[in-house]
Amino acid sequence: MTSAATLLADVFGFDAFRPGQQEIVEAVHGGENVLAIMPTGGGKSLCFQLPALMRDGVTVVISPLIALMRDQVRALQEAGVCAGALTSGNTEEETDAVWTSLERGELKLLYMAPERLASGGAMNMLRRVGVSMIAVDEAHCVSQWGHDFRPDYLKIGELRRMLDVPLAAFTATADAETQLEIVQKLFDGHPPRAFLRGFDRPNIHLAFAAKDSPRRQILDFANARKGQSGIVYCGTRAKTEGLAGALREAGHTALHYHGGMDAEDRRIGERRFQQEDGLIVVATVAFGMGVDKPDIRWVAHADMPKSIEAYYQEIGRAGRDGAPAETLTLFGSEDIRLRRSQIDEGLAPPERRAADHARLNALLGLAEALECRRKTLLKYFDETEVSCGTCDLCDSPVDVFDGTTAVRKALSAILRTDERFGSGHLIDILLGADTDKIRQRGHDSLPTYGVGKEYDKRQWQAVFRQMMGHDLVRPDPERHGALRMTDAALPILRNEAQISLRRDTIKSASRRPAIKAMVSEEDAPLLSALKAKRRAFAEAAKAPAYIIFNDKTLVEMAEKRPRTLDDMARIGGIGAKKLESYGSAFLEVINGEAAQMHPTRRKLAGRNAGNIYDQLLEVQSQLARGAGGIDKPLSCSASMLAKVAQMRPDDTQGLERLLGDKRAERFGPAFLDVLRAAG
Ligand code: ADP
Ligand code: ZN
């Protein structure tokens, strides 16, 4: 049987496992029940695809979204794997083809939508066809509490019981509650072997910025990344349309997307994003589950997400291919107020609301972090061994100041006005402003009136925002945005604790953003040419570009500039089948002409046998007229050489069987030397 490492290289074109993959592949291959929790982009698919190739029979893959299934099946077929999907989106021919290969016992992976499990027919069919394993993608969809709940996922447990085969469940959602539900519903409560992969996504750059002029900030961010695929998340539907328009005006290709659009328009948007290169989607969080594009280069939040989990999930859509990706999250006092009131006005029971406030607090803590964002983020997931260097705070450390006095002044203004006012009025008091509201209420006679003149209005806004961020004050849901002090503020008020605040990071927006490129300037033209070639193939195949090659593969090609198919085979992401399908065409782009290679030899490219073949060829040309150079010319055909290189006979008899006696006599000893030296 072919080993996992060989299949990894030959079929998928990867020279090493990603962290965690190997253990999972081994457990799944060994027939254990497995629950694997891995961050998005960690490479979950491979963890069931590879064992599926190693096991006899069919692996059934349950996955929630038809478009994603179709893309995975396409990608597998491109890699030369016999895979198919049974979904409502199939044409009749597609369904027939799946049945034929099932009946012939050739199909290795059968993707199915969970809805199919509801019909008894499908269950019977699966009983007949020799299913050897069930893989469940996005396993958190069984969780009734999660927002991705899919009732049909509850049928999977039954399927497992009926087929009595091992089940491997995969998800990127980590919280303990969801894990427990997965174990209950998919494994009947018997804990499977669990794998929890670290949550770090080292290729994603993290950055937050206080809102200044949000539209400008988003446009600058996008302008610096022109031509790269990105997502902008917005808090409201109306905003998605406005911002998408502004981006188009600035010369980007941009679409809006939200839950209020009809299903057909949403589907078209998802499809375009998946297929086109360099499209920006401006969306509400409704745009998410359907996105499986590995080459999203950036994600920006025009409004702050609702919790730290939501933040992690949304930025996590960037850079699944492992190539560098960037994020920017904007936040401001308005966002904090909005998110708090959404929780307070929601219908959830009180303990759930408290938990939601805590999740929001964790995000605010991240937004106002004073040191490395990644450390702060991963600490929330209980990870402490973190190295970074790719976040805004590692790039340029924040300027902090002792904010204790400022915070005490602000708290005093809040308390002396009976916690009845919002930050605007409170700042007026601190600055000693002369407004009608102040005069009417006699606030100009408060001891706090005018005690905050060391800061201007903007700086006070930053102080109040950070106080909300540290949950020292909360908007009162009963009193329209009035700020109330929380218990967390008491130690500061009593002068028992100090607090550091950031000097605000709002910089003048006039600074031209530097253009972020994926490769150095000298490789950029080649990368564009390679992308154009990829687009041509993708359009011809009506498939997303990354199914041909992903960005990371193209970047590596542009940087290493392979000269031969052998060099090409060593580029990450190029397996045997893709090398054969596209290798020469891309070499031509790189080197300007087709690398000439015998088709028989081409099949061996990138393998050890390819090297041996070349040496045999060399030896043969030296001996073409015999050792003395005077005999009748004699040579072996390409397919004879390929057979020798692959089968590596270890004696003269073996060679005779492949080459016949005449050739074995002339080339035998020298060939055997080559084979022995190759070990
Ligand atoms: P997930 O489902 O965990 O979000 P995927 O299975 O879609 O992630 O994999 C994300 C990307 O990583 C894909 O483009 C895939 O080809 C790539 N990938 C997976 N395993 C490896 C590996 N061992 N080496 C290089 N790239 C990999
Ligand atoms: Zn950092």
Side-chain angles (χ1 to χ4, degrees), residues 4-5 7-9 11-25 36-50 61 63-65 68-69 71-72 74-76 78-79 81 135-140 168-174 195 197-208 274 288-289 291-296 312-313 316-323 325 327 366 369-379 386-398 544-556 571-575 578:
L7 286 170
L8 184 70
V11 177
F12 298 94
F14 302 139
D15 51 14
F17 282 107
R18 290 245 182 98
Q21 283 180 328
Q22 187 162 9
E23 299 90 278
I24 301 175
V25 165
I37 299 166
M38 268 176 127
T40 311
K44 287 185 278 297
S45 330
L46 193 94
C47 296
F48 57 82
Q49 290 170 347
L50 204 61
V61 184
S63 171
L65 284 151
L68 305 193
M69 278 190 265
D71 284 344
Q72 282 210 7
R74 269 311 265 279
L76 283 167
E78 279 297 326
V81 173
V136 181
D137 207 1
E138 314 287 356
H140 62 279
F170 298 85
T171 178
T173 306
F195 296 87
R197 249 336 284 176
F199 279 82
D200 193 14
R201 302 280 310 278
N203 61 315
I204 300 184
H205 186 273
L206 308 176
F208 279 70
Q274 199 84 356
M289 269 286 279
V291 195
D292 191 29
K293 192 176 168 62
D295 53 355
I296 298 171
Y312 179 79
Q313 196 172 49
R317 304 212 160 98
R320 292 172 71 149
D321 55 9
T327 65
L366 182 62
L370 302 179
E371 51 150 46
C372 182
R373 301 255 185 234
R374 195 174 303 278
K375 282 203 182 119
T376 315
L377 173 64
L378 294 174
K379 199 158 105 204
V386 180
S387 63
C388 181
T390 45
C391 77
D392 53 348
L393 300 182
C394 283
D395 297 343
S396 49
V398 279
Y546 64 82
I547 283 192
I548 311 297
F549 288 132
N550 70 21
D551 282 359
K552 205 175 176 192
T553 300
L554 290 196
V555 166
E556 199 178 331
I571 304 276
I574 308 188
K578 286 198 182 177

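In each ligand, atom 1 is the first atom listed, and ligand 1 is the first ligand listed. Treat the numbers as computed from the prediction; the structure is a model and nothing was measured.
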Heavy-atom nearest neighbour in the protein, as seen from [atom], with distance rounded to 0.1 Å:
{"atom": "atom 24 (N) of ligand 1", "answer": "Phe14 CG, 3.3 Å"}
{"atom": "atom 17 (C) of ligand 1", "answer": "Arg18 NH2, 3.5 Å"}
{"atom": "atom 1 (P) of ligand 1", "answer": "Arg320 NH2, 3.2 Å"}

Would you check the N or O atoms of [X], main chain and side chain alike, for any that come under 3.5 Å of an N or O of ligand 1?
{"X": "Gly41", "answer": "yes"}
{"X": "Ala16", "answer": "yes"}
{"X": "Asp321", "answer": "no"}
{"X": "Leu46", "answer": "no"}
{"X": "Lys44", "answer": "yes"}

Has Gly572 got any heavy atom lying under 4.0 angstrom from an atom of ligand 1?
-> no

Can you find a non-hydrogen atom of Gly322 under 4.0 Å from ligand 1?
-> no

Metal-centred angle, SG of Cys394 through the Zn ion (ligand 2) to SG of Cys388, rounded to 10 degrees | 110°

Any idea which atoms of ligand 1 are less than 4.0 Å away from a heavy-atom of [X]?
{"X": "Thr40", "answer": "4 (O)"}
{"X": "Gly43", "answer": "1 (P), 3 (O), 5 (P), 6 (O), 8 (O), 9 (O), 19 (C)"}
{"X": "Pro39", "answer": "3 (O)"}
{"X": "Ser45", "answer": "2 (O), 5 (P), 6 (O), 7 (O)"}
{"X": "Phe17", "answer": "23 (N)"}

Are any of the side-chain nitrogens in Lys44 or Asp137 under 4.0 Å away from the carboxylate oxygens of its partner?
-> no

Judged by atom type as modelled, is there a donor-acceptor pair below 3.5 Å linking the side chain of [X] to the main-chain atoms of [Y]?
{"X": "Arg201", "Y": "Gly42", "answer": "no"}
{"X": "Thr327", "Y": "His205", "answer": "yes"}
{"X": "Gln21", "Y": "Leu46", "answer": "no"}
{"X": "Tyr546", "Y": "Asp321", "answer": "no"}
{"X": "Arg374", "Y": "Val386", "answer": "no"}
{"X": "Arg373", "Y": "Leu366", "answer": "yes"}

Do [X] and [Y] make a side-chain contact, defined as non-hydrogen atoms from C-beta onward lying under 4.5 Å apart?
{"X": "Ile24", "Y": "Phe170", "value": "yes"}
{"X": "Leu76", "Y": "Gln49", "value": "yes"}
{"X": "Cys47", "Y": "Met38", "value": "yes"}
{"X": "His140", "Y": "Glu138", "value": "yes"}

For ligand 1, note which part of Gln21 has a heavy atom under 4.0 Å away: side chain, backbone, both or neither.
-> side chain

Would you mind telling me if ligand 1 is within reach of the side chain of Asn550, the backbone, both or neither, using heavy atoms under 4.0 Å?
-> side chain

